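By convention in this document, chain letters (A, B, ...) are assigned in the order of the sequence lines, proteins followed by strands, and residues within each chain are numbered from 1. Only heavy atoms go into these numbers, but all of them, side chains included; no hydrogens, no water, no symmetry mates. All of these numbers come straight from a predicted model, not from anything done at the bench.
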There are 2 protein chains.
Amino acid sequence: MGLTKSAQFTDQQNKKASVFKALGHPARIAIIEYILTQKTCICNDLVGTLPLSQATVSQHLKELKDAKIIKGTIEGNSLCYCLNPELLTEIKFIIEQYIVGIEQNDSPCC
Amino acid sequence: MGLTKSAQFTDQQNKKASVFKALGHPARIAIIEYILTQKTCICNDLVGTLPLSQATVSQHLKELKDAKIIKGTIEGNSLCYCLNPELLTEIKFIIEQYIVGIEQNDSPCC
DNA sequence: AAATTATATCGTAATATTGCGATATATCTA
DNA sequence: TAGATATATCGCAATATTACGATATAATTT
């Protein structure tokens, strides 16, 4: 057991879940919020900001990058990460659809 | 290791992360979407709908309930779960804040 | 009251995630 | 080119999550 039955759900459901999963760790929320405080992008001054080692920060960045929540460009001998507004907009739409769906239920019960 | 350093992040960051974490599993996305297809609330016809056992479905419902994404009321000898529009609206605000934050960066770089 | 139905919880096995030190890779600087 | 700097990846130990059968709880029906 312990193996998520991804094959049994739709691609859409798995895709949505993996984006939310990427947002589901405080370090990754902290990374997103740190990027927002910077006018330009970040490099690994994150390592100085977060209570985590360089290896761990790099791992979290990778997860955010894999989920396309952030994107990065090479900037000399360091990497420059930015938030991806397109993906955040998609997430917003998912949640909005859910809210609209609730409102359309003409007989709410709880 | 493997112990998330929650104490090192802000309450806000931990709270946001735990809501997203609750959304970060395809079964829980499927549960949310199933509730949306029903005019009234659900009980455990979910067990017939999802490829998971009753125990596992109940566990996922508990996580959604703990995160306040759904709320339930007793309905005879079964439980009736509904989505919580307030919480979904909060999630929408979090994402919107991030999007606004990006837009206010006058020198985007990626 | 006994059987049925609906749901929750316990215990357990398996997989996944988190975190870090060590090491690899790649660019920049002297 | 050698050393410094920035980042990624490997390998491992520890904790967390997922899933399920068995069992508990509680209301409903017969």
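Distance, A:Ile31 CD1 to D:dT7 C1': 13 Å, rounded to whole Å. Taking atom CG of residue B:Asp66 and atom C1' of nucleotide C:dT9, one finds them 13 Å apart after rounding to whole Å. The CG-P distance, from A:Leu3 to D:dA19, rounds to 8 Å in whole Å. If you measure from atom NZ of B:Lys5 to atom P of D:dT15, you get 14 Å, rounded to the nearest angstrom. Atoms CD (B:Glu63) and P (C:dA8) sit 13 Å apart, rounded to a whole Å. Distance, B:Leu64 CG to C:dA8 C1': 15 Å, rounded to whole Å. Here the C1' atom of nucleotide C:dG19 and the CG atom of A:Leu52 are 8 Å apart, to the nearest Å. C:dG19 atom C1' lies 14 Å from atom CG of A:Leu61, rounded to whole Å.
In this structure, A:Ile69 and A:Val19 approach most closely via the heavy-atom pair CD1-O, 4.0 Å. Nearest heavy atom pair, residue B:Thr73 against residue B:Leu79, reads O-CD2, 3.4 Å. For the residue pair A:Gln54 and A:Val47, the shortest heavy atom distance occurs at CA-CG2, 3.8 Å. Nearest heavy atoms, B:Pro26 versus A:Ala17: N-CB, 3.4 Å. Scanning all heavy atoms of the two residues, the minimum distance from B:Lys68 to B:Leu87 falls at O-CB, 3.4 Å.
Between B:Phe9 and B:Lys62, the residue anchored nearer the 5' end of DNA chain C, judged by the nucleotide with its closest heavy atom, is B:Lys62. Mapping B:Ala55 and A:Thr4 onto DNA chain C by nearest heavy atom places B:Ala55 at the nucleotide closer to the 5' end. Comparing B:Gly2 and B:Gln54, the nucleotide of DNA chain D nearest to each residue sits closer to the 5' end for B:Gly2.
Closest contact between the side chain of A:Thr56 and the listed nucleotides C:dC20, C:dA8, D:dT7 involves C:dC20. Checking C:dT7, D:dA8, D:dT18 against every side-chain atom of A:Lys65, the shortest atom distance belongs to D:dA8.
Checked by distance alone, B:Gln59 brings a side-chain donor or acceptor within 3.5 Å of a matching partner on the base of D:dC20.
Residue A:His60 places no side-chain N or O under 4.0 Å from the OP1 or OP2 atom of C:dT17. The side chain of A:Lys21 contributes an N or O atom lying less than 4.0 Å from OP1 or OP2 of C:dT17. Contact check, B:Tyr81 against C:dA8: a side-chain N or O comes under 4.0 Å of OP1 or OP2.
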